[in-house]
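Notes follow once the structure below has been shown.
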Amino acid sequence: MDQQAMLTRDLVLRICATATEFDLDWIEFDRKIVAPFTAARDTSLIERITAAAAAVGVDHVLICRTRSEYAYEPVIQVRAATSSLIGVIRSWGDTPTDFLVCLEDLSAAVLVTADELTVAAGPADYVAAFVGDDIGRARAEFAETAHTRNDPELLQAAVRYGCLDPAGRDKRKPRGDVGERVSAWGEALRDRSPRSVARARAVRGAWGWIALLLLALAALVVPAIPTALTAVALTVWLLAQLAWLARSRTLSFAALLRLTVLGALALGPIAFLELAVAALLRLDPFDPLASVAVAVPVEEVAKFLPFLVFWLVARRRMRRFAAVDYLLAAAACGAGFQLAETVATVLSADETAFHPLPQGGAFTLFPGWLEIPWADIRFSGHAVTTGLVGATLGIAVVGRRLYGAKLWLLPPLALGAAALEHLTFNALLAGLEPTALTATVFALYGNGAATRWLLLLFLVCGVLLDYRMQRLAAHTTPPLPGKAPLRRLAAQAYGRAVWYRSHLPGDIAPLFRRIALAWARLPVTLVEAAAAILHEYTVQLAAASRGPTALCTGWRVLRRRREHAMGVARAAGQPTRVPDRDKLAAEADGLLVRLGLATPAALAVCAAAAAVVDSLDPGVLGGAYALPTLLAVTAWFTALPTADAVWVLVGAGALVSLLASGWSVPRDQPNPRRFLRTPRATIGAVLGAAAPGQLPYAAVGMLGLLLPKSTARLLVRSR
């Protein structure tokens, strides 16, 4: 606070609408969490005010009476201690009055009325000190109390702060999109016919192992298939790295692999689109110039076709995307496109020509790049470049309400960087000489070596943004079991930020003020994100020690909880975007208890490409892009003997089915104790939970059994 004492009028006008109500504009600023509650006017309430101040690491608070007759009294700054607050309140006399206690930077406050109504507003940790960790449940209980008592003051507060819908409000929600209807149908089927669903899972698991056997047999007939499978494994490993690092994601790994399949199938439409653009530009599609002038702009944009399909099918689901979900979805689309190009090149490769293949290994960060050794040029791969564009797009979409429309400058810059890298690589493969400006800019960019690290940087920024957004939905998101770690460090960081913000000079330039505020906020964001990540890991460890079933349940609850939080935070008060909280809360409570499609499309693309093979001659082309690659592999396929062609189709179908299904987190774990009683059901459960793509989950679950049961003690009980 400034040296000159602040008048009560000035403080109340900034925070309050009336003597007993917070100002809604002040609440909306920084998206504060609000929780009204009832409490007796005794020492325990003052102790909760003191505990709330300690939860955010402040030593001093501001206190004043809010009624108009006290408007010209000075605001009192006192230590955040019970005795100090009680002393000030007693100095006002014995008559109950309305008063306000807030932090020095006005980022949080509690409004105590003369009756039993009390309202706390601020960050989640501050409000949780008053009503408990489950703020959503406390708000619902307040609304129920107001409705039961039919108290006008409580009802008005419940409506004003969003705990209770106002009378006459339309509660109907629009019909869900295709994705939500399919998901709801699946949930209903699991509840209505569990045995049928269990049989379907068993069939899926059995088919996965049959497909794996067919793929192995096809590899014995077609010598190039093992090399292609290496590229597939590299692609899955790349996506696994991204999914593991993206701790705030709401997309499942199975969804990423389905998008990869769609990205691979997009090779055909992209090739025909390049043919149409070349015809429109009156350019020979097999001219080396076409690999630059046509391939680069078309491919960099058309790689997002699966992303567009996802939006058309599940646009409401995309409204609950985290920032890193855009990165993951875009990277999966790009990875599928590059995988299709690589497999087609491997199968139809001419041994006399140079064909760069994806590089990387088990201990390589973001593998899959293509390299030209003699030119020291590297193309980071379509997964990384497309993921970079998706990362900036996600940050812009999710963060625009916090940081403004200036974030929309990032996606065009990222798209330009991806196009520059792709253009330079294609030009060198085609024997073209880049312009001096292009070569200079690309050299400053690190000749393609910087893209992976930029992607990692934007991934970290996306995770930090997501966890900050999720904290804005703490008023409705069910809490995780136990207490979050690093609470003391988080309180110190927030308290330091309060001190910085409250001691900024009043005449500082707006630009420097924004920089100083961002610098004060950065440690808070870092610590809160780290605390959330560590808390989720602790829950996973505790669940793993209870067995695979609890671990798989924990994985699903964590992802669905993040999805709910992102939906609430991005909706900003629009309930049509928000999934059901009650169902999620029931799943979270259940965890707490445990702790104490594409093959026909591929054949259609091959048939369509075969129709134009006879009329186009790919000739000799040093650089490869979608159109010549598709034509070359189609020509290779049509020249195969019938038996070999059949095995190629069998292998392609098996590979597509392996990638498109069997990667979800297992729902039902087999029980060995029931084998002698119901051997058929037990074998079916084993097949349903042990499809090829589900083996990593099973391995982690088995490792969790090695943990001692005392691991659950890492979670300090919070309720």
- Query: Given Leu267 and Glu341, is the side-chain contact (heavy atoms from CB on, under 4.5 Å) satisfied, shown in steps?
  - Reply: CA-CA 7 Å; Leu267 178 68; Glu341 279 194 330; 4.0 Å; yes

- Query: Can you tell if the side chain of Leu251 reaches within under 4.5 Å of the side chain of Phe310, non-hydrogen atoms only?
  - Reply: yes

- Item | Qualifying residue for side chain to side chain donor-acceptor pair (under 3.5 Å) with Thr250, from Arg559, Arg320, Arg562, Arg317 | Arg317

- Message: Would you say Thr477 and Gln470 are linked by a side-chain donor-acceptor pair, where the criterion is simply a distance under 3.5 Å?
- Response: no

- Task: Considering only NZ, NE, NH1 and NH2 on the basic side and carboxylate oxygens on the acidic side, decide whether Arg667 and Glu187 come within less than 4.0 Å.
- Result: yes

- Message: Please determine whether side-chain contact (heavy atoms from CB on, under 4.5 Å) holds for the pair Leu472 and Leu402, giving the CA-CA distance in whole Å, both sets of side-chain angles, and the decisive distance to 0.1 Å.
- Response: CA-CA 11 Å; Leu472 301 180; Leu402 290 179; 4.2 Å; yes

- Item | Criterion side-chain contact (heavy atoms from CB on, under 4.5 Å) on Asp325 and Met318, from CA distance to verdict | CA-CA 9 Å; Asp325 289 335; Met318 286 190 66; over 6 Å; no

- Query: Under 3.5 Å, side chain of Arg400 to main-chain N/O of Trp408, donor-acceptor pair present?
  - Reply: no

- Task: Name the orientation class of the two ring planes belonging to Phe337 and His382 (parallel below 30°, tilted from 30 to 60°, perpendicular beyond 60°).
- Result: perpendicular

- Query: With no hydrogens and no angle check, do the side chains of Gln694 and Trp663 hold a donor and an acceptor under 3.5 Å apart?
  - Reply: no

- Query: Arg247 side chain to Ile533 main-chain N or O, any donor-acceptor pair under 3.5 Å?
  - Reply: no

- Message: Using a 3.5 Å distance criterion without hydrogens, assess whether the side chain of Asp466 forms a donor-acceptor pair with backbone atoms of Val324.
- Response: yes

- Is there side-chain contact between Val384 and Trp369, with heavy atoms separated by less than 4.5 Å? no

- Within a strict 4.5 Å, meaning less than it, do heavy atoms of the Thr364 and Gln241 side chains meet? no

- Val463 side chain reached by Phe458 side chain, heavy atoms, under 4.5 Å: no

- Taking the side chain as every heavy atom from C-beta outward, state whether Ile395 and Cys461 have any atom pair closer than 4.5 Å. yes

- Query: So, for Ala654 and Ser657, which heavy atoms are closest and what is the spacing to 0.1 Å?
  - Reply: O-OG, 2.8 Å

- Taking atom types as modelled, find out whether Arg556 and Ser252 have a side-chain donor-acceptor pair closer than 3.5 angstrom. no

- Using atom types as modelled and distance alone, determine if a side-chain donor or acceptor of His535 lies under 3.5 Å from a backbone N or O of Pro481. yes

- Query: Heavy atoms, side chains only, cut-off 4.5 Å: are Thr392 and Leu407 in contact?
  - Reply: no

- Query: If you round to the nearest 0.5 Å, how far is CG of Leu415 from CG of Leu393?
  - Reply: 10.5 Å

- Query: So which heavy atom on Ala322 is nearest to which on Ser248, and how close?
  - Reply: CB-O, 3.6 Å

- Is any side-chain heavy atom of Phe253 closer than 4.5 Å to a side-chain heavy atom of Tyr697? yes

- Determine whether the side chains of Thr385 and Glu421 contain a donor N or O and an acceptor N or O closer than 3.5 Å. no

- Task: Report yes if some heavy atom in the side chain of Arg204 is under 4.5 Å from a heavy atom in the side chain of Ser664; otherwise report no.
- Result: yes

- Message: Strictly distance-based, threshold 3.5 Å: is any side-chain N or O of Ser193 a donor or acceptor partner for the main-chain N or O of Leu189?
- Response: no

- Message: Test your reading of the model: is there a side-chain donor-acceptor pair from Thr476 to the backbone of Ala473, 3.5 Å cut-off?
- Response: no

- Indicate the ring-plane relationship of Phe321 and Phe307, choosing parallel, tilted or perpendicular according to the 30° and 60° boundaries. perpendicular

- Which atom pair, heavy atoms only, marks the closest approach of Val346 to Ala228? CG1-N, 4.1 Å

- Query: Between Glu563 and Arg560, is there a side-chain N and carboxylate O pair less than 4.0 Å apart?
  - Reply: no

- Query: Has the side chain of Trp237 got a donor or acceptor atom that lies under 3.5 Å from a matching backbone atom of Ala362?
  - Reply: yes

- Task: For the pair Asp134 (side chain) and Pro478 (backbone), establish whether a donor and an acceptor sit closer than 3.5 Å, ignoring hydrogens and angles.
- Result: no

- Task: Indicate the atoms forming the closest heavy-atom contact of Arg471 with Ala124, along with that distance.
- Result: NH2-CB, 4.0 Å

- Is a side-chain N or O of Arg31 found less than 3.5 angstrom from the main chain of Ala569, in a donor-acceptor match? yes

- If you take all heavy atoms of Asp133 and Ala128, which pair is closest and at what distance? OD1-CB, 4.0 Å

- Nearest heavy-atom approach of Leu245 to Leu365 is CD1-CD1, 4.4 Å

- Query: Backbone N or O of Thr525 within a donor-acceptor pair of the Arg468 side chain at under 3.5 Å?
  - Reply: no

